[in-house]
Amino acid sequence: MKILNFYADKSDPCKALEGLLNMPEFEDIDVEYIDVYSKDGYDIVMERGLTKVPTLIKICDDGAETSIVGLPSINYLAAFCGLQPTEKD
């Protein structure tokens, strides 16, 4: 499983999501950060038709994809990543 994290440097929700993903609970999750304002990032955004940040796309080992748009709660993010929630929302 891999997570694609589409972000913009000046977005407060993107900064908050990065903080969540940097917590020890998520250290074993393979996250690729994609700056939507970089040339490569912009090309991927256009190809996928993304319109908002932050956007997370989970790519499972079998190729299936699911996504989250916006800033999720820590428990929602943990469940999305296949982890057990550790605190109550």
In Å, rounded to the nearest 0.5 Å, how long is the span from [atom1] of [X] to [atom2] of [Y]?
| X | Y | atom1 | atom2 | answer |
| --- | --- | --- | --- | --- |
| Leu4 | Ile44 | CG | CD1 | 7.5 Å |
| Arg48 | Ile57 | CZ | CD1 | 4.0 Å |
| Leu21 | Tyr33 | CG | OH | 4.5 Å |
| Cys14 | Lys52 | SG | NZ | 12.0 Å |

Below 4.5 Å, heavy atoms only, C-beta onward: do [X] and [Y] meet side chain to side chain?
| X | Y | answer |
| --- | --- | --- |
| Phe26 | Cys81 | yes |
| Leu20 | Leu71 | yes |
| Ile3 | Asp30 | no |
| Tyr37 | Asp9 | no |
| Pro13 | Val53 | no |
| Val36 | Tyr7 | no |
| Val69 | Leu50 | no |
| Ile74 | Met23 | yes |

Taking all heavy atoms of Pro72 and all of Tyr76, pick out the closest pair and write down the distance.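 The answer is CB-CD2, 3.8 Å.
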Given Met46, Lys39, Glu47, the one that forms side-chain contact (heavy atoms from CB on, under 4.5 Å) with Asp43: Lys39
Please tell me whether Met1 and Ile34 are part of a single hydrophobic cluster in this structure, the criterion being side-chain heavy atoms less than 4.5 Å apart. no
In terms of hydrophobic clustering (I, L, V, M, F, W, Y; side-chain heavy atoms under 4.5 Å; direct or indirect links), are Phe6 and Phe80 co-clustered?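 Per the 4.5 Å side-chain linkage, Phe6 and Phe80 are not co-clustered.
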Evaluate side-chain contact (heavy atoms from CB on, under 4.5 Å) for Leu56 paired with Leu77, printing each intermediate quantity in order. CA-CA 10 Å; Leu56 294 176; Leu77 181 60; 3.5 Å; yes
Are Glu65 and Lys58 close enough for a salt bridge, meaning some N to O gap below 4.0 Å? no
